[in-house]
Amino acid sequence: MSILLFLKLLVVQFTLYSPIPKVNIKVSNPLDYVDLFYGTEAGGHMFPGVTRPFGMAKVGIDVVGDGDAYSGFAPHGHVNGISMMHESGTGGAPEYGVVSQLPFQSNFDIRNLPSLTRQGHDIAQVGYYNFNSTDNIIVEFSGAEKSGIFKYTFPPESTNPQVLIDVCHHLAAPGRPQWTQYFVNGSIESNKDLSGYTGYTTIKGGWGGQTPWRIYFCGKFNNPAISIISFENKHVEPNKLSSSTNRQNEPMGLVYTFNQSQSIIESKVGISYISTERACQHLNNELGEPDEYDLMSVVNETQQIWLDEVFDKVSISDTNSTLTSFIYTSLYGSHLMPTNKTGENPYWAENYVEEGNPVPTYYDDWFTLWDTFRTMNPLINILNPIRGSELINSLIEIYKHDGFTPDGRSANQNGRTQGGSNSDIIIADAFVKNITGVNWSDAFDAMVQNAEVVPPYWRDNFAPDSSTKQGRGALPDWLTYGYITRNFSRSVSRTMEYSYDDFALSVVAKGLGNDTAYEKYLRRSSNWQNIWNFDKDISINSYKGFIQPKKSTGEFDYHNYDPLSCGGCYWNDDEYEGKPIEYGWTVPFDMTTLISFIGSNETFITRLNDMYALHGHNPQIVDVGNEPSFTTPFLYNYVNQQYRSVELIRYIVDRHFGLGAKGLPGNSDSGAMQSWLFFSLMGLYPIAGTTTYLITSPFLPYLSINLPNTNKPLELIATNLTETNIYISELYVNGEIYTQNWIDHHTLFDIEGCLIEFELSDIPSIWELGDEPPSPGHFKR
Ligand SMILES: *[C@@H]1O[C@H](CO)[C@@H](O)[C@H](O)[C@H]1NC(C)=O
Ligand SMILES: *[C@@H]1O[C@H](CO)[C@@H](O)[C@H](O)[C@H]1NC(C)=O
Ligand SMILES: *[C@@H]1O[C@H](CO)[C@@H](O)[C@H](O)[C@H]1NC(C)=O
Ligand SMILES: *[C@@H]1O[C@H](CO)[C@@H](O)[C@H](O)[C@H]1NC(C)=O
Ligand SMILES: *[C@@H]1O[C@H](CO)[C@@H](O)[C@H](O)[C@H]1NC(C)=O
Ligand SMILES: *[C@@H]1O[C@H](CO)[C@@H](O)[C@H](O)[C@H]1NC(C)=O
Ligand SMILES: *[C@@H]1O[C@H](CO)[C@@H](O)[C@H](O)[C@H]1NC(C)=O
Ligand SMILES: *[C@@H]1O[C@H](CO)[C@@H](O)[C@H](O)[C@H]1NC(C)=O
Ligand SMILES: *[C@@H]1O[C@H](CO)[C@@H](O)[C@H](O)[C@H]1NC(C)=O
Ligand SMILES: *[C@@H]1O[C@H](CO)[C@@H](O)[C@H](O)[C@H]1NC(C)=O
Ligand SMILES: *[C@@H]1O[C@H](CO)[C@@H](O)[C@H](O)[C@H]1NC(C)=O
Ligand SMILES: *[C@@H]1O[C@H](CO)[C@@H](O)[C@H](O)[C@H]1NC(C)=O
């Protein structure tokens, strides 16, 4: 087809509704726009190595000497291993960095284990990673679900091509020693012909305070080595085929030396929590017998999976390469965690041996739901309802086997809950979006467990008052007083979160036709109103009314209280990672009551304005890079002044987000930040646990979401869009004029598609004369 004819067809298609048709040239290869290093620096902690969507294997380099490398990666420092497992974008402390290899040429010295210095910048593409050492070893690798493939090219003059398998290797947190991981014990054994090895590593510690857990591995080389040495506890033994130890953090393992004439060494490694046999099975199933897959064929397959599962579902006009990169890079970052470990939970192993017992769906590495429930999970529920369903089923299975759904979880253990049981909101979100394949009665049981049962005590030195392992640690106060008193840490932020969580229970109860539970939890969702203090003696800029710590006697506690401060903002403070004034906005399920508490639409707007530097308040009160304030800039929609949300979102994106390694304003938080960015660029923002999306305005002239099982896509077309034409003058949905600044999920993702046309101009206007966004949890005490 000629390009002219192609353009004409597009024009014809769009003139149907659009008075000013836009020519759209779609992005030809989304993979070209994914920046794997996005958010790897400046605290973003993104993982730039190789993985498949939600893959258990995350193959990447581990760097020492450049700070705590949360994902293994750091731009400077030395590579002391290339390992099979990582997390991406987390705070807390580094996890995993286990099952490693390292090619090297120097003479092996157990007191000074080899490491590689990199030449220049590493290269990373979807499914592919490459760096070259200063001694000219070319390192390349790729990976599949539970396996990885490595290619080491030694310089032709190398007399000593070797590969180190350090079984003790793991990520450490020298900057946060209280949460560092420890190597407990391990074992490795080589094949007699020196063509491969199997073994395990046991690790403990980490952010979740994990008890010892074990990962098994199975490695193969494309050609046998010519000699081997074993090392353990500063002791080196040539020609020994195995090594093992019980000494904490002592290096142990094997070194393989290859024939000098063999300058290219290829290796494949499989991992499993179950057994070495299972690790070998994964390797063979995914990467085949020798020669079936080479490095580039694994790269191809991994890229194809990313296109099919993620990138090809979103089409955009290719008019601004910054925005194109933002879109595909943020989609990539939203699909890394949690990880699909179905069939890999060693504690549930009884399920895998009993014949006819279905393997329970299982995802691990939730880090954490506190971060992801607002935007990341709602994004998955749109783009991949099958994943959405698997995530909920996994939460149910974790509840059934381990007693409670997690907030944070890795290495197959629940651990660290920052606020409420926010899995409740994720379950409600999937429920109202008609995610299929879930037993909702079981899901509701898991929610009721969170809402009614005090989790077993688990001592946390940061907040010893109650458990932070799972569930709702401060539940006794919630049940007794209807708020959390200062007898418990994080009393204000927990009160706000438990309210949202109980709203989520009311949603599912209502849908299941359980009216008693619906009424009970709806009432409880209004508990945040109990800590709203109308006190006229506290005022900021003349307005009054803030959330505040409250005593069990019912009196507000004024000691050390300032709505603009959260003190240390940490585990043992009144609020976790957010000021009282920020947490005061976090009731999107009942904005009706919040607006009435604040007093008037005008004060509501003034108070929102005062949170942001856009309106001259410097330093900005909100932390736009942290989750408690994710929804706040969109809230103008609730008083039908949507243009203010539009200009604030533009301001936040332009000022706080950029391209490149330092482009994220803070931790990615398992893709929470990237999914926020995606929705903001799209011009639709989800209210998690409801079917409402708040409408702002798109950054791109064209974006569509094409899902399998629908006949037509969701299409967003913005006409007259420029840098300054950002305000809606008119909005059309499926060809009809639309006067609400919000829209329902089922309208957007109808099987027959949905077309939204934004007519933009440079003049802010109140165009939305229809109903303001709903408050489905409205309850006036
Ligand atoms: C490593 O060297 C190879 C071969 O010279 C080259 O193709 C590749 O771009 C280099 N990689 C990096 C990260 O510089
Ligand atoms: C390794 O450590 C684990 C956890 O402490 C322990 O259960 C196991 O017995 C140890 N293995 C050996 C071989 O000592
Ligand atoms: C190394 O490879 C060369 C060339 O194939 C061969 O002649 C030599 O015997 C090999 N050396 C060993 C120790 O296997
Ligand atoms: C992978 O290889 C197949 C067969 O050659 C090809 O059709 C496909 O486009 C490739 N995929 C990618 C992402 O390169
Ligand atoms: C592309 O979009 C970015 C982000 O909105 C903007 O800053 C930049 O000016 C745009 N570039 C062009 C060429 O329009
Ligand atoms: C998750 O892993 C299981 C076991 O490997 C697999 O059957 C399932 O299809 C995976 N889920 C997705 C969405 O790929
Ligand atoms: C979603 O499920 C609800 C309850 O089962 C049903 O009433 C509604 O029609 C469904 N919506 C769609 C779009 O499937
Ligand atoms: C949901 O699971 C429960 C057992 O936990 C079972 O009794 C019930 O029949 C299931 N419901 C459906 C719709 O499958
Ligand atoms: C309604 O939910 C409550 C939990 O709040 C549960 O105890 C009760 O059995 C449920 N009722 C029905 C009819 O399912
Ligand atoms: C909770 O704190 C109050 C003071 O606000 C104190 O009187 C009460 O004894 C405490 N309750 C418990 C159970 O510690
Ligand atoms: C506040 O704004 C809403 C939405 O536009 C409107 O319905 C309501 O009447 C306004 N309230 C007052 C007191 O003007
Ligand atoms: C397009 O934008 C211009 C300002 O650049 C504005 O004057 C005009 O009204 C807009 N057109 C429409 C149809 O909104």
Side-chain angles (χ1 to χ4, degrees), residues 36-37 48 51-57 61 75 79 116-125 128-141 144-147 151-156 263-264 270-274 278 281-282 285-286 295-296 305-306 308-310 335 338-345 351-352 358-365 380 383-394 397 424 435 437 440-453 479 502 504-524 708:
L36 276 289
F37 291 107
T51 186
R52 291 188 175 170
F54 307 103
M56 172 166 140
I61 63 170
V79 176
L116 299 177
T117 303
R118 288 165 289 171
Q119 279 181 32
H121 294 288
D122 304 354
I123 292 172
Q125 291 157 10
Y128 176 77
Y129 201 95
N130 161 231
F131 73 90
N132 299 335
S133 69
T134 48
D135 58 354
N136 297 315
I137 304 173
I138 300 173
V139 176
E140 296 168 280
F141 55 86
E145 285 288 328
K146 300 178 186 80
S147 58
K151 182 177 179 183
Y152 310 125
T153 308
F154 287 79
S263 64
I264 296 178
I271 50 171
S272 171
Y273 286 100
I274 306 295
R278 187 69 70 96
Q281 263 173 34
H282 291 324
N285 291 346
E286 294 176 7
L295 176 75
M296 290 323 283
I305 286 171
W306 274 99
D308 295 345
E309 177 167 344
V310 184
H335 286 78
T339 53
N340 186 358
K341 293 185 183 169
T342 300
E344 283 291 322
N345 186 319
N351 289 282
Y352 315 132
V359 176
T361 304
Y362 176 54
Y363 282 67
D364 191 25
D365 302 316
I380 300 310
L383 291 182
N384 202 327
I386 292 173
R387 290 280 181 200
S389 166
E390 288 190 359
L391 294 183
I392 303 305
N393 282 323
S394 174
E397 294 293 347
D424 300 336
I435 295 293
W440 293 108
S441 156
D442 284 354
F444 188 60
D445 285 352
M447 299 168 90
V448 170
Q449 174 82 357
N450 289 328
E452 302 296 341
V453 180
L479 301 178
D502 278 343
L505 270 98
S506 79
V507 167
V508 177
K510 187 179 181 187
L512 292 177
N514 188 334
D515 292 340
T516 320
Y518 165 64
E519 277 157 27
K520 172 181 179 175
Y521 292 111
L522 182 66
R523 164 170 271 279
R524 274 174 48 166

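Both counts, for ligands and for their atoms, begin at 1 and track the order of listing. In this text, all values refer to a predicted model and were calculated from it rather than measured experimentally. Heads up: numbering here begins at 1 and tracks the sequence.
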Peer 1: Side chain, backbone, both or neither: which part of Glu145 comes within less than 4.0 Å of ligand 6 when only heavy atoms are counted?
Peer 2: neither
Peer 1: Taking distance alone, no hydrogens or angles, what donor-acceptor pairs closer than 3.5 Å link side-chain atoms of residues 383-394 to residues at least two apart or in another chain?
Peer 2:
residue, atom, partner, partner atom, Å
Asn384, OD1, Ile386, N, 3.3
Asn384, OD1, Arg387, N, 3.2
Asn384, ND2, Glu309, OE2, 2.8
Arg387, NE, Glu309, OE2, 2.8
Arg387, NH1, Tyr363, OH, 2.7
Arg387, NH2, Pro53, O, 3.4
Arg387, NH2, Glu309, OE1, 3.1
Arg387, NH2, Glu309, OE2, 3.4
Ser389, OG, Thr436, O, 2.9
Glu390, OE1, Tyr363, OH, 2.5
Asn393, ND2, Ser389, O, 3.3
Asn393, ND2, Gly437, O, 2.9
Ser394, OG, Tyr363, N, 2.7
Ser394, OG, Tyr363, O, 3.3

Peer 1: Heavy-atom distances under 4.0 Å decide this one: backbone, side chain, both or neither, for Gln119 against ligand 1?
Peer 2: neither
Peer 1: How far is atom 1 (C) of ligand 9 from its nearest protein heavy atom, and which residue and atom is that?
Peer 2: Asn514 ND2, 1.4 Å
Peer 1: Taking only heavy atoms of Phe444, which atoms of ligand 9 are found under 4.0 Å from at least one of them?
Peer 2: 2 (O)
Peer 1: If the cut-off is 4.0 Å to any non-hydrogen atom of Tyr521, which atoms of ligand 9 fall inside it?
Peer 2: 5 (O)
Peer 1: Donor-acceptor pair, distance only, cut-off 3.5 Å: does the side chain of Glu286 make one with the backbone of Ala144?
Peer 2: no
Peer 1: Can you name the atoms of ligand 9, numbered from 1 with element, that are less than 4.0 Å from a heavy atom of Ala517?
Peer 2: 1 (C), 2 (O), 5 (O)
Peer 1: Can a donor-acceptor pair be found, under 3.5 Å and without considering hydrogens, that links the side chain of Thr342 to the backbone of Tyr362?
Peer 2: yes
Peer 1: Is Arg52 near ligand 6, meaning one of its heavy atoms is under 4.0 Å from it?
Peer 2: no
Peer 1: What part of Lys146, side chain, backbone, both or neither, has a heavy atom within less than 4.0 angstrom of ligand 6?
Peer 2: side chain
Peer 1: Do you know the tightest heavy-atom contact between Thr51 and Trp306?
Peer 2: O-NE1, 2.8 Å
Peer 1: Show me which atoms of ligand 6 lie under 4.0 Å from any heavy atom of Glu390.
Peer 2: 1 (C), 8 (C), 10 (C), 11 (N), 12 (C), 13 (C)
Peer 1: Step by step, would you call Leu116 with Asp135 a side-chain contact (heavy atoms from CB on, under 4.5 Å)?
Peer 2: CA-CA 8 Å; Leu116 299 177; Asp135 58 354; 4.2 Å; yes
Peer 1: Consider every N or O of Asp122 and every N or O of ligand 1, then say whether any pair is closer than 3.5 Å.
Peer 2: no
Peer 1: Distance alone, cut at 3.5 Å: any donor-acceptor contact between the side chains of Gln125 and Asn130?
Peer 2: no
Peer 1: So which atom in Tyr518 and which in Ala509 form the shortest heavy-atom distance, rounded to 0.1 Å?
Peer 2: N-CB, 3.5 Å
Peer 1: Minimum heavy-atom separation for Glu397 and Thr361, please, with both atom names.
Peer 2: CG-O, 3.6 Å
Peer 1: If we only consider heavy atoms of Arg118, is any one of them less than 4.0 Å away from an atom in ligand 1?
Peer 2: no
Peer 1: Which pair of heavy atoms, one from Ala504 and one from Asp424, lies closest together, and at what distance?
Peer 2: CB-O, 3.3 Å
Peer 1: Closer than 4.0 Å to some heavy atom of Asn340 - which atoms of ligand 6 meet that?
Peer 2: 1 (C), 2 (O), 3 (C), 8 (C), 10 (C), 11 (N), 12 (C)
Peer 1: With distance as the sole test, does Arg524 use its side chain to make a donor-acceptor pair with the main-chain N or O of Leu479 at under 3.5 Å?
Peer 2: no
Peer 1: Do you know the tightest heavy-atom contact between Phe444 and Leu505?
Peer 2: CE1-O, 3.6 Å
Peer 1: Among all protein heavy atoms, pick the one closest to atom 6 (C) of ligand 1 and tell me residue, atom and distance.
Peer 2: Asn132 ND2, 4.2 Å
Peer 1: Closest non-hydrogen protein atom to atom 13 (C) of ligand 1, residue and atom name please, with distance?
Peer 2: His121 O, 3.2 Å
Peer 1: Identify the protein heavy atom lying closest to atom 9 (O) of ligand 1, giving its residue, its atom name and the separation to 0.1 Å.
Peer 2: Ile123 CD1, 3.5 Å
Peer 1: Between Lys520 and Glu452, is there a side-chain N and carboxylate O pair less than 4.0 Å apart?
Peer 2: yes
Peer 1: Tell me the protein heavy atom at minimum distance from atom 4 (C) of ligand 1, and give that distance in Å.
Peer 2: Ile138 CD1, 3.7 Å
Peer 1: Indicate whether atom 11 (N) of ligand 1 is within a distance of less than 4.0 angstrom of some protein heavy atom.
Peer 2: yes
Peer 1: Considering only heavy atoms of Arg387, which atoms of ligand 6 have at least one such atom less than 4.0 Å away?
Peer 2: 11 (N), 12 (C), 13 (C), 14 (O)
Peer 1: Any N/O of Asn130 closer than 3.5 Å to an N/O of ligand 1?
Peer 2: yes
